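Working notes, beginning with the structure itself.
Just so it is clear: chains get the letters A, B, ... in the order the sequence lines come, proteins before strands, and each one is counted from 1. Since we're looking at a predicted model, the values are computed, not measured.
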Number of protein chains: 2
Amino acid sequence: MDSATAREQALDAAEKLFYGRGVQSVGMDDLRGASGVSLKRLYQLFPAKEQLVEAYLERRDVRWRGLLAEAVARREDPRERILAVFDWLAEWFGEPDFRGCAWINAYGELGATSERVARQVRAHKRAFREYLGGLVADAGLPDALTGPLFLLAEGAMVTAGISGGAAPAAEAREAARLLLGRGRSSGRAGAG
Amino acid sequence: MDSATAREQALDAAEKLFYGRGVQSVGMDDLRGASGVSLKRLYQLFPAKEQLVEAYLERRDVRWRGLLAEAVARREDPRERILAVFDWLAEWFGEPDFRGCAWINAYGELGATSERVARQVRAHKRAFREYLGGLVADAGLPDALTGPLFLLAEGAMVTAGISGGAAPAAEAREAARLLLGRGRSSGRAGAG
DNA sequence: TAACGTAGAGAACGCACGTTCTCCCGTCAA
DNA sequence: TTGACGGGAGAACGTGCGTTCTCTACGTTA
């Protein structure tokens, strides 16, 4: 098995176990068992567990935002594209192994003790917010709408994670629709 | 030192340390040192660490909702009372040792492994949501507003926790004001 | 064949920590 | 005074786990 494959398998196992059970309750030995990659190899690829966590969050960030962008790209109308974010959240929340936002969870678990993890989380949330900001600008809506939309999405993620079920996504979508309606009249596109 | 005092001191230390550093990175020995309550006594009061965590969340829940209700009670107008929730969040976020929502953090850290903790978190969030629902009803507003307001508040908490700063509370307040519609509630009442 | 490098399996190590136990002291009843 | 008892300090115990080390097998090259 070459290095790239071993790395992917290690990250596959890390993602499955870290996301499902939390980081601290998963041992390096669990990762060896789930990935088929020996401990020796794991430590060659990632000098310490913390860096495996970092890599897990980073790879997931790329995929998560990629999937979101794909879903959004299927809509034409700029306003619809914003609402598509919440539709996509609803799909995500409905997945059988959904267990909340990986970054919010990781921050709650490790934010206070690992600066590297905290940085990953902040970077991910910043990227998501900027992506939303781009959708808002593309729709010619005031930039001030970005914050509220972002907060609705974050609230939906955290609530769906804690309470289970996809209902928060629908509530957030409806609220977003109302907010967009009010922001309609602005003629100053791309105000930022 | 009688039992009640020991219990309060133990919970004071637990709250300070668990909230500030996360649960798993605080040892029972740290709690002994910070509280002045011996290990023997700690284990008489709480048969296991998990139950100390539970008691910490429960006591904090009572105080947190009490402080919120106090702040809200200072306003007369029913719409203003809803907005007061977000003003109070802004105050909270601005406290120097603010480190996010204790329940969201605890859920991220222990939700997957401790059913007792998960229950505490769900109970707290349910109570907060029901409280908001009461404010919405008192204002004669449709119940469908409760969900969005709750999601805005949750999003503000999680974002303030991750990114630091009180700005999310103001954004959430503004979004809430738009959702409530153009009533008498225009600007900020009271201290700004 | 012999020497060598690589990789996997898993034992070993060191430490942290939840929980329990031991020892000792101060208090109070008789 | 004596003995029982409750409580504090902290050692001890058992376990889990991050990380490293050892042993063995195997393929490659001369």
Once you apply a heavy-atom cut-off of 4.0 Å, does R32(B) come out as touching a base, just sugar-phosphate, or nothing? nothing

State plainly whether the residues R81(A) and D138(A) are in salt-bridge range, i.e. N to O under 4.0 Å. no

d(CD, Q44(B); C1', dG7(D)) in whole Å: 8 Å

Would you please classify the geometry between the W64(B) ring and the F128(B) ring as parallel, tilted or perpendicular, with 30° and 60° separating the classes? perpendicular

Quick one: L45(B) CG to dG8(D) C1', roughly how many Å, whole number? 14 Å

Could you check how far CG of L31(A) sits from C1' of dG18(D), rounded to whole Å? 11 Å

Closest heavy-atom pair, L11(A) versus A55(A), reported as atoms and distance to 0.1 Å, is CD2-CB, 3.8 Å

Is there a donor-acceptor contact under 3.5 Å from the side chain of K49(A) to the main chain of V23(A)? yes

Which sits closer to the 5' end of DNA chain C, V37(A) or M28(B), going by the nucleotide each is nearest to? V37(A)

Atom CD of Q24(B) to atom C1' of dC17(D): distance rounded to whole Å? 13 Å

Do R59(A) and D12(A) sit within salt-bridge range, that is, some charged N less than 4.0 Å from a carboxylate O? yes

Please enumerate all residues that pass side-chain hydrogen bond (donor to acceptor under 3.5 Å, both in side chains) together with E154(B), with sequence neighbours excluded. K125(B)

With nearest nucleotides of DNA chain D determined for S25(A) and L39(A) from heavy-atom distances, which residue corresponds to the more 5′ nucleotide? S25(A)

At a heavy-atom distance below 4.0 Å, which nucleotide of DNA chain C is the first touched by chain B, and which is the last? dG18(C) to dT20(C)

Within the 4.0 Å heavy-atom criterion, would you say K49(A) contacts the bases, only the backbone, or no part of the nucleic acid? sugar-phosphate

May I have the distance from L42(B) (atom CG) to dG7(D) (atom C1'), rounded to whole angstrom? 13 Å

Would you mind classifying the nucleic acid contact of V26(A) as base, sugar-phosphate or nothing, using non-hydrogen atoms under 4.0 angstrom? sugar-phosphate

Apply the test side-chain hydrogen bond (donor to acceptor under 3.5 Å, both in side chains) to residues S114(B) and E50(B): give CA-CA distance (whole Å), side-chain angles for both, the deciding distance (0.1 Å), then the verdict. CA-CA 8 Å; S114(B) 164; E50(B) 189 182 25; 2.6 Å; yes

Please state how far atom NZ in K40(A) lies from atom C1' in dA25(D), giving the value in whole angstrom units. 12 Å

